[in-house]
Amino acid sequence: MKKLIQKTLMSAAVTGALALASSAAMAQTFPDFTVNEGSVAGATANTFTADKVTGNYTEVISFGANNTFNVSLLWNAGQFVANNGSSPVASQLGQSGSVVSQQYGLYALYTGSGTFSTSGGKTTFNFTPGGALSVYIDPNTNTTFGQPANGSTAWTRANSGDDYLIGTGMPTSGQGTLDPSLSTCGSTNGINCGSFGSSTSFALTSQGSQFFTSPNPFYNVSFQSGQFNNIPLTGTQTVNGSMDVIFGGTAVPEPASVALIGLGLLGLGMSRRKKRA
């Protein structure tokens with residue numbers, strides 16, 4: 001009877017913990033992170049909490065045989081946002097090429113691939129795992145970029161001697177829809193002809209950990225979403241639009257924490273064996 005009560009209480013505790021975790025996950029739409037702008041050379045000290053980064057992108061996409069595609073994307077960050085993406089944060093963030101003093105640039109290069117299909121005038125893009133994500137700081141906002149000839153090649157950089165890598169990742173999944181029939185699409189009534197969302201693994205470099213200081217360890221997944229204009233689904237095309245980035249996922253435990261968990265499980269096993277003896 002005692003063992004039954006103990007098992008029942010433990011089951012209830014686990015169920016309660018899972019319910020709280022699920023509730024917290026639903027409430028926290030965009031997970032918070034902390035930025036230390038003072039880690040960037042030339043920037044003044046400024047620390048803040050945000051949950052999203054907004055910006056714009058230019059993408060080269062090449063269409064191949066069997067409804068395949070390759071993309072090469074340049075993203076320039078323009079603004080940190082807080083309160084689940086609703087409140088702009090005062091920061092020194094600027095875009096590459098800016099001449100404003102005490103600004104720095106934050107940009108990313110992305111390559112990926114996938115397949116597409118068209119039905120009823122709408123085209124669906126599905127990303128496959130693979131490719132690369134690299135995120136950089138440009139302290140002097142003086143980097144210039146060269147557009148690649150096709151979607152299989154990364155953008156080139158010039159005047160980037162002061163830039164440094166703060167994060168890397170690999171695309172894991174994603175989907176987009178192109179719908180030319182949208183009222184916001186067309187040459188005279190807007191550029192929003194579809195939207196997309198994708199995810200990548202994400203890991204900070206040592207310098208990146210000085211910029212994104214919390215949580216520690218940092219989130220191990222980044223999510224990108226945005227909109228794009230209309231393009232022909234043949235050859236190599238150029239797409240542009242807005243793109244937002246948030247972070248999420250479960251932080252990987254530090255080695256010391258893993259070791260402590262292992263010792264705890266070992267001790268539990270030894271205790272059970274003693275009771276059985």
Side-chain angles (χ1 to χ4, degrees), residues 53-79 94-98 105-119 121-136 138 141-160 163 169-171 173-200 222-245:
V53 194
T54 66
N56 54 57
Y57 74 93
T58 302
E59 176 185 85
V60 176
I61 179 169
S62 295
F63 297 95
N66 302 316
N67 284 11
T68 60
F69 67 87
N70 288 281
V71 296
S72 180
L73 181 148
L74 163 66
W75 175 70
N76 276 301
Q79 180 74 65
Q95 296 196 10
S96 297
S98 170
L106 174 64
Y107 66 90
L109 302 180
Y110 174 105
T111 57
S113 61
T115 60
F116 68 96
S117 60
T118 301
S119 177
K122 299 180 182 179
T123 300
T124 300
F125 299 88
N126 288 294
F127 284 81
T128 54
L133 170 70
S134 300
V135 184
Y136 295 89
D138 176 13
T141 62
N142 63 343
T143 300
T144 58
F145 302 94
Q147 182 170 313
N150 56 68
S152 301
T153 308
W155 287 70
T156 59
R157 303 179 296 150
N159 300 322
S160 59
D163 298 3
M170 185 185 77
S173 64
Q175 190 174 76
T177 302
L178 175 64
D179 184 1
S181 68
L182 291 173
S183 61
T184 53
C185 185
S187 59
T188 60
N189 57 350
I191 63 169
N192 182 7
C193 299
S195 60
F196 66 89
S198 65
S199 62
T200 70
S222 66
F223 301 95
Q224 304 83 33
S225 65
Q227 51 82 23
F228 47 80
N229 48 16
N230 195 15
I231 54 170
L233 303 177
T234 182
T236 295
Q237 309 294 334
T238 301
V239 187
N240 58 60
S242 64
M243 189 173 88
D244 300 337
V245 176

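Counting from 1, the numbers follow the sequence of the chain as shown.
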Applying side chain to side chain contact (heavy atoms under 4.5 Å, CB included), can you list everything that pairs with Phe223, at least two apart in sequence or on another chain? Ser199, Val221, Ile246

Quick one: CG on Leu178 to SG on Cys193, what's the gap to the nearest 0.5 Å? 6.5 Å

Identify, with sequence neighbours excluded, every residue that meets side chain to side chain donor-acceptor pair (under 3.5 Å) alongside Ser152. none

Determine the minimum heavy-atom distance between Ala154 and Ser72, stating which atoms define it. CA-OG, 3.5 Å

Qualifying residues under ring-ring contact (aromatic ring centres under 6.0 Å, His included), relative to Phe69, sequence neighbours excluded: Phe125, Phe127

Of all heavy-atom pairs between Trp155 and Leu74, which one has the smallest distance, and what is that distance? NE1-N, 3.6 Å

Between Thr144 and Asn159, which heavy-atom pair has the shortest distance, and what is it? OG1-ND2, 3.9 Å

Let me confirm one number: the CZ-CG distance from Phe116 to Leu233, rounded to the nearest 0.5 Å. 5.5 Å

Pairwise side-chain hydrogen bond (donor to acceptor under 3.5 Å, both in side chains) hits with a residue in residues 223-236, at least two apart: Ser62-Thr236, Ser198-Gln224, Ser222-Gln224, Gln227-Ser242, Asn229-Asn240

Specify the closest pair of heavy atoms between Met243 and Trp75, including all atoms of both residues, with the distance to one decimal. O-NE1, 3.1 Å

Under the side chain to side chain donor-acceptor pair (under 3.5 Å) test, residues paired with Thr124 that sit two or more places apart: none

Quick one: CG on Asp244 to OG1 on Thr54, what's the gap to the nearest 0.5 Å? 6.0 Å

Are side-chain N/O atoms of Gln147 and Thr58 paired as donor and acceptor at under 3.5 Å? no

Rounded at 0.5 Å granularity, tell me how far OG1 in Thr141 sits from CG in Asn76. 10.5 Å

Who passes side chain to side chain donor-acceptor pair (under 3.5 Å) against Asn56, sequence neighbours left out? none

Mind checking what makes side chain to side chain contact (heavy atoms under 4.5 Å, CB included) contact with Asp179, not counting sequence neighbours? Lys122, Ser181, Leu182

Quick one, Tyr110 with Tyr57, criterion ring-ring contact (aromatic ring centres under 6.0 Å, His included). Give me CA distance, side-chain angles, the key distance, then yes/no. CA-CA 10 Å; Tyr110 174 105; Tyr57 74 93; 9.8 Å; no

Heavy-atom pair with the smallest gap, counting every atom of Thr200 and Pro171: CG2-CA, 3.6 Å

Set of side chain to side chain donor-acceptor pair (under 3.5 Å) partners for Thr123, sequence neighbours left out: Thr118

Identify, with sequence neighbours excluded, every residue that meets side chain to side chain contact (heavy atoms under 4.5 Å, CB included) alongside Thr128. Ser113

Can you tell me if Thr111 uses its side chain to pair, donor with acceptor, with the backbone of Ala132 under 3.5 Å? yes

Axial cation check for Tyr136 ring with Arg157, 6.0 Å and 45° limits: yes

Contact summary for Phe63 and Gln237, nearest pair of heavy atoms: CE1-CG, 4.2 Å

